[in-house]
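Presented below is the structure to which this report refers.
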Amino acid sequence: MPFNTGDNPLRHFANQALILFEPAVPFFINGLASGAAFTTGLAATQFLGIACRVSCASPVLGPSMGIVGVGVASAMGGQAALHCQHHFKTGRHPLSLAPQAAFLRKDLLLDACMGIILYKMMGGRYRNVMPSDLFKRGALARGSLPAPGKRYASENFRDELRILMRRDGCHHCGKKQGRTVGDHIPPNKQVWGSSKDLTSQVQELMGTSRRKPLRTKPPGTSKNSLWLRVQRWLGFHPILPQRYYPQCTSCSNKQSQAVKMDKRTLVVHMAGPRPWHYAGVLVGMRYFHAPVSAGALLTNDLHSIRQSLQPDSWDDEDRRRRRR
């Protein structure tokens, strides 16, 4: 029941807002908890991939670990929502839920399967859950431009790459701020050899270089196009003509050191929210009940907030008006 606000419009608005949004509070808390748990699970999958030396470009293991990571993250999101619902029902601490009631095998498997299916239906790719390999296309690679040889990107190319950088971020880590670098994929050293080969540099500068990339035909143009598509889905990426991808300076410096030392380096990517990142939230909504009952469980907390907004003097003033 609304409390007496007197002539103060601000407190009247606060009172009405509390009444209006009271049933929606548990809904948002449930979604935030399941989304945070799902994101934590995906981040843990990346660090596990770094420890196991498995990236988004790894054949077979990349998409396989990505599927497992999405399933585990979805189960974590469901458990977070279940514990929140336990708090709304009983008023007890969320972690006070007994393990026998929380970690049910059928619920864990159902949450994992739902998350895997929803993640794919919403446009996600399982391999892109894994960290990026600085020698390969990054997990966040979207748009790219054809690279004319091993020369650095011209001003026109850099303008286009800046647009891609602002839209998609660095194709390795997802960073959108800072200077944009045109990243050759595959790297120049893998396609053209060492940069210390002065003869090849002079020939390329004069336009007489006969050295070409290892493969010039994209997959799907030969008689075995179906097999090449299967290879690409499994992660066996054939060496394609070089392309420019937007890259930040931090990943560019790490890549330079990795190429010089011929050492495979993996980096973690943290992109902004994508549609498939809400798969864990949808899994958590499975445990959410009617907002009426959930809102009633928060009455005690909201009642204390209302009391803090209402000064004690208002009760005295109300009594004086009644006496008159």
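Numbering starts at 1 and runs along the sequence shown.
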With N253 via side-chain hydrogen bond (donor to acceptor under 3.5 Å, both in side chains) - residues at least two apart: none
The criterion is side-chain hydrogen bond (donor to acceptor under 3.5 Å, both in side chains); which residues satisfy it with Q255, sequence neighbours excluded? D183
Is it true that F135 and L140 fall in one hydrophobic cluster, defined by side-chain heavy atoms closer than 4.5 Å? no
I116-M114 co-clustered via ILVMFWY side chain contacts under 4.5 Å: yes
Would you say [X] and [Y] make side-chain contact, with heavy atoms under 4.5 Å?
X: M285; Y: F27; value: yes
X: H86; Y: T90; value: yes
X: R162; Y: L164; value: no
X: S250; Y: C173; value: no
X: L108; Y: Q79; value: yes

Check against side-chain contact (heavy atoms from CB on, under 4.5 Å), R158 and T180: CA-CA 7 Å; R158 284 198 294 267; T180 303; over 6 Å; no
Which pair of heavy atoms, one from [X] and one from [Y], lies closest together, and at what distance?
X: A139; Y: S132; answer: N-OG, 3.0 Å
X: G284; Y: S34; answer: CA-CB, 3.9 Å
X: R264; Y: S55; answer: NH2-OG, 3.5 Å
X: N30; Y: Y287; answer: ND2-C, 4.4 Å
X: P246; Y: G143; answer: CD-O, 3.9 Å
X: W276; Y: F38; answer: O-CE2, 4.1 Å

Side chains of H171 and Q247: donor-acceptor distance under 3.5 Å anywhere? no
Looking only at the side chains, is there a donor atom on one of Y245 and D168 sitting less than 3.5 Å from an acceptor on the other? no
Main chain of [Y], side chain of [X]: is a donor-acceptor contact present, judged purely on distance under 3.5 Å?
X: H269; Y: N128; result: yes
X: H172; Y: K136; result: yes
X: Y244; Y: I185; result: no
X: H277; Y: P273; result: no

Over 12 foreign heavy atoms within 6.0 Å of CZ, R142: yes
Do NZ/NE/NH1/NH2 and the carboxylate oxygens of D107 and R286 come within less than 4.0 Å? yes
From [atom1] ([X]) to [atom2] ([Y]), nearest 0.5 Å:
X: T265; Y: Q257; atom1: OG1; atom2: CD; value: 9.5 Å
X: R179; Y: S252; atom1: CZ; atom2: OG; value: 7.0 Å
X: L82; Y: D111; atom1: CG; atom2: CG; value: 8.5 Å
X: R137; Y: S144; atom1: CZ; atom2: OG; value: 7.0 Å

Check residues 61-76 and write down every donor-acceptor pair under 3.5 Å in which the side-chain atom is one partner and the other belongs to a residue at least two apart or another chain.
residue: S64; atom: OG; partner: V60; partner atom: O; Å: 2.6
residue: S74; atom: OG; partner: V70; partner atom: O; Å: 2.7

Each residue besides [X] in its hydrophobic cluster should be listed here, by chain and number; the cluster joins Ile, Leu, Val, Met, Phe, Trp and Tyr at side-chain heavy-atom distances under 4.5 Å.
X: L134; result: V267
X: M270; result: F47, I50, L266, V268
X: I117; result: M121

S58 vs R53, test: side-chain contact (heavy atoms from CB on, under 4.5 Å). Steps then yes/no. CA-CA 9 Å; S58 299; R53 311 302 297 166; over 6 Å; no
